[in-house]
Amino acid sequence: MTSASTSLLITGARQADGTSGDLFVADGRFADPADAPAGVHRVDADGLLALPGLVDLHTHLRQPGREDAETVATGTAAAARGGFTCVHAMANLTPATDTAEAAEYVQALGEREGHCEVRVVGAVTKGLGGSELSELGLMAKSAASVRVFSDDGRCVADSLVMRRALTYVKPFGGVIAQHSQDPRLAGTDACCHESEWSGRLGLPGWPSQAESVIVARDVQLAELAGSRLHVCHVSTAESVEVIRWAKRRGVQVTAEVTPHHLLLDTPLVAGYDTTFKVNPPLRTSEHLDAVREALADGTIDIVATDHAPHARQDKDHPFDVALPGMLGLEQALAVVVDVMVNTGRIDWPTLVRRMSSTPARIGQVPGQGGRLAIGEPANLVLVDPSARAVVDADASASRGRNNPYHGRELPDPVVATVFRGRISYQRG
Ligand code: DOR
């Protein structure tokens, strides 16, 4: 999908701050439009917004190990369609990314097959087992230059292991990204938000406090270690309150919310459609209100997709047995535009911070999330702010069909994506 053209002149686009002017891209970087040669490949972007390429801090690419669910090529093609120029590949692969060699392997796959930059997330503990730290320092020093570590899918539940991980990554500025889910309180078979809905549907539920007790513990451990914590997929009002409190104390904590926790609520599971099974579970409206407000006021720093493709045979089961997870990359921007921008909760410059510059800063990714300025790497997305369309799961570039937005009318903002100066996706 990446075009062969090495120079492009994008005309007529506005930027998030309201400024406009032609953008000339040559040899992977923004250059002076006055230097564009006659006959250069032109992209007419009249009426469109040009934003820095989006950066996802939380993506499941499934390769190596579950190429029937997703590959680096298909997952990053979905990313490009969604306007992303960088994703972070979570460590719950087979084998888990818990050594320098495994990290370098995933990074090399990304360089070879990716339609966007693939940064590697290292496992916090060996085999995601929760008891023994992985090669955190060696992964950081490796060619993959790992900065974010997570056992996502599982919580680092042992407080001492979590303290050691935070302490260990501090000297090289690493960040521990926690899947906050107390395994005892949530239980092993819970698959629904504990509420009248779990009772009525007969689905084992987990309470919002199973998330917030871990967040409360971890912000205190981050303060104790003087180290950086990132809270994955915040889904509850209680977690938001704890993060707000920790930020006021000066704790180095950042947090993300997924598109699905911004838009989708618990009653959707009433049809037992396993597409809506996800961890943490879809919550009720008061929690949605809290995470929306927190994203607007900056308590939640970023949107991250938790794009979690699954093979059909892993979803075609009774609700309590199916694997949790849903797609996110292709509709992430659409959901944020719908829930946050079109409702006046945030403006476009804030959206750029939440989906591009701040995730790039947390992940310490050079060359992403920057300004569209001469000399900078040319990573950008062209956005039509008013287009709308009905989502079709079968039109996805992902291998997964577990798209929770299928059949829903949403904004359809992504017109084209440019990664390292080449078109990685263009509508039509
Ligand atoms: O629903 C989820 N699916 N939540 C996670 O944290 C992991 C993910 C997966 O890997 O499928």
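In each ligand, atom 1 is the first atom listed, and ligand 1 is the first ligand listed.
Ring-plane geometry between His287 and His193 is classed as perpendicular, the angle between the planes exceeding 60 degrees on a 0 to 90 degree scale with a lower cut at 30.
Nearest heavy-atom pair, Ala96 versus Leu128, reported as atom, atom and distance to 0.1 Å: CB-CG, 4.0 Å.
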Kindly determine whether Asp289 and Glu293 satisfy side chain to side chain contact (heavy atoms under 4.5 Å, CB included), including the steps that lead there.
-> CA-CA 6 Å; Asp289 288 342; Glu293 189 192 329; over 6 Å; no
Stepwise salt bridge (Lys or Arg N to Asp or Glu O under 4.0 Å) check, Lys277 with Asp320 = CA-CA 9 Å; Lys277 179 172 175 179; Asp320 55 336; over 6 Å; no
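In this structure, Arg283 CZ and Asp265 CG are separated by 12.5 Å, a value rounded to the nearest 0.5 Å. Taking CG of Asp151 as the reference point, atom CD of Gln178 lies at 8.0 Å (rounded to 0.5 Å).
The contact shell of ligand 1, taken as protein residues with any non-hydrogen atom closer than 4.0 angstrom, comprises His60, Arg62, Asn92, Asp152, Gly153, His179, His233, Val278, Asn279, Asp306, Ala308, His310, Pro324, Gly325.
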